[in-house]
Amino acid sequence: QPLQIYGDKPPLEHLMLFRLTRKVLGKDTENFPQKTGDCTAFGAKNVGEYLECCQIVMGSISNFRPIFPCYTYGTGRMIGHMLGNGAGCVGIYIAQSANQYGFIARDDDNVPEYSKQVAEEWGRDKSAFEKFIPTGKEHLVKKIAKVSSWSDLLASITNLYPVTVASDYGFTQKPMRDGYHHREGSWSHQMAIIGIDDGDQDKGIEPHACVLNSWGLNAMGEPVKDFRDPNL
């Protein structure tokens with residue numbers, strides 16, 4: 001059936017999944033900022049929430065539940081044998097976590113509010129999250145796949161599968177004169193790709209992706225006070 005995002009039929013070379021999410025929820029997902037080195041978990045959280053909305057459209061699930069990133073952070077670090085001191089994780093461990101341990105919801109029983117303290121505790125100590133593992137395993141991402149090219153990314157997004165990306169590439173905080181954020185410097189960071197545009201040479205539109213960050217900034221690099229901000 002046609003996806004009622006743009007009209008009768010979405011142009012597959014220009015598919016922004018936030019439009020679909022706004023149709024399902026009536027708003028954007030809540031993209032609150034990370035408080036420690038848990039960007040990998042936020043990349044997975046954002047992809048997982050967008051995937052939920054896509055699955056609602058496809059009829060695979062019936063309701064949306066917001067994802068708690070600290071659980072994914074802890075299980076990912078457990079897979080990578082990184083529990084203990086320090087912060088951060090690795091993208092592949094987070095993908096394996098979603099596949100093996102699933103997600104828990106922020107509104108599940110006894111799930112605390114997100115905070116720096118909670119994220120760091122769950123990233124250090126298995127005992128902080130292990131009681132939630134049976135619940136998480138009820139909500140597995142059953143298949144994961146490596147996306148390693150622009151054509152892979154096009155195929156994934158146009159089949160309604162958002163993509164999380166971990167790399168050392170940095171980008172400008174504010175768009176350049178051409179309207180795009182350009183690669184600049186280096187980050188060890190993970191984000192979520194929620195849209196794709198294969199460009200139009202006749203109109204001077206470069207191929208580009210819509211990337212959702214976890215720093216609480218909008219597309220202009222400014223702090224967001226209202227998470228319904230369409231520039232987020």
For the atom pair [atom1] ([X]) and [atom2] ([Y]), what is the distance rounded to the nearest 0.5 Å?
X      : Y      : atom1 : atom2 : result
Asp125 : Leu83  : CG    : CG    : 8.0 Å
Asp198 : Leu15  : CG    : CG    : 12.0 Å
Glu121 : Arg124 : CD    : CZ    : 6.5 Å
Lys35  : Ser214 : NZ    : OG    : 11.5 Å
Thr158 : Ile196 : OG1   : CD1   : 9.0 Å
His189 : Phe171 : NE2   : CZ    : 10.0 Å

### Task
Name all residues meeting the ring pair (Phe, Tyr, Trp, His ring centres under 6.0 Å) criterion together with Tyr114; count only those two or more places apart in sequence or in a different chain, and write none if there are none.
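Testing Tyr114 for ring pair (Phe, Tyr, Trp, His ring centres under 6.0 Å), a comparison that skips the adjacent residues, returns Phe32, Phe42.
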
If you compare all heavy atoms of [X] against all heavy atoms of [Y], which two are closest, and at what distance to 0.1 Å?
X      : Y      : answer
Met16  : Cys210 : SD-CB, 3.6 Å
Ala105 : Val111 : O-CG2, 3.6 Å
Ala192 : Gly43  : CB-O, 3.9 Å
Ala44  : Thr72  : CB-CG2, 4.0 Å
Thr36  : Ala119 : CG2-CB, 3.7 Å
Pro69  : Ala41  : O-CB, 3.2 Å

### Message
If only side-chain N and O atoms count, and only distance matters, is there a donor-acceptor pair under 3.5 Å linking Glu184 with Thr172?
### Response
no

#### Entry: Exercise: do Asp38 and Trp122 side chains pair donor with acceptor under 3.5 Å
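Distance-only check fails for Asp38 and Trp122.
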
### Message
Could you check whether any side-chain N or O of Asp152 sits under 3.5 Å from a backbone N or O of Ser148, counting only pairs where one atom can act as donor and the other as acceptor?
### Response
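Here the side-chain-to-backbone pair exists.
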
Side-chain donor-acceptor contacts of residues 48-56 below 3.5 Å, not counting sequence neighbours, with atom names and distances?
residue: Glu49; atom: OE1; partner: Lys45; partner atom: NZ; Å: 3.0
residue: Glu49; atom: OE2; partner: Ile67; partner atom: N; Å: 2.8
residue: Glu52; atom: OE1; partner: Arg65; partner atom: N; Å: 2.9

Quiz: residues 161-170 side-chain donor-acceptor pairs under 3.5 angstrom, not counting sequence neighbours:
residue: Thr164; atom: OG1; partner: Gln190; partner atom: NE2; Å: 2.7
residue: Thr164; atom: OG1; partner: Met191; partner atom: O; Å: 3.0
residue: Ser167; atom: OG; partner: Tyr169; partner atom: N; Å: 3.1
residue: Asp168; atom: OD1; partner: Ser188; partner atom: OG; Å: 3.0

### Task
Please name all residues satisfying salt bridge (Lys or Arg N to Asp or Glu O under 4.0 Å) with Arg106, sequence neighbours left out, ordered by chain then number.
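By the salt bridge (Lys or Arg N to Asp or Glu O under 4.0 Å) rule, Arg106 matches Glu30.
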
### Summary
Residue pairs meeting side-chain hydrogen bond (donor to acceptor under 3.5 Å, both in side chains), one or both in residues 79-105, sequence neighbours left out, come to Thr75-Ser97

For the hydrophobic clusters of this structure (ILVMFWY residues joined by side-chain heavy atoms under 4.5 Å, transitively), does one cluster hold both [X] and [Y]?
X      : Y      : value
Ile92  : Ile94  : no
Ile61  : Leu25  : yes
Ile157 : Ile194 : yes
Val47  : Ile193 : no
Val118 : Tyr73  : no

Measuring only between side-chain heavy atoms, which start at C-beta, is [X] closer than 4.5 Å to [Y]?
X     : Y     : result
Thr40 : Val90 : no
Asp28 : Arg22 : yes
Thr29 : Phe64 : yes

### Query
Using 30° and 60° as the class limits, which term best fits the ring planes of Tyr180 and His182: parallel, tilted or perpendicular?
tilted

Return all side-chain donor-acceptor pairs below 3.5 angstrom for residues 129-143, not counting sequence neighbours, or 'none' if the list is empty.
none

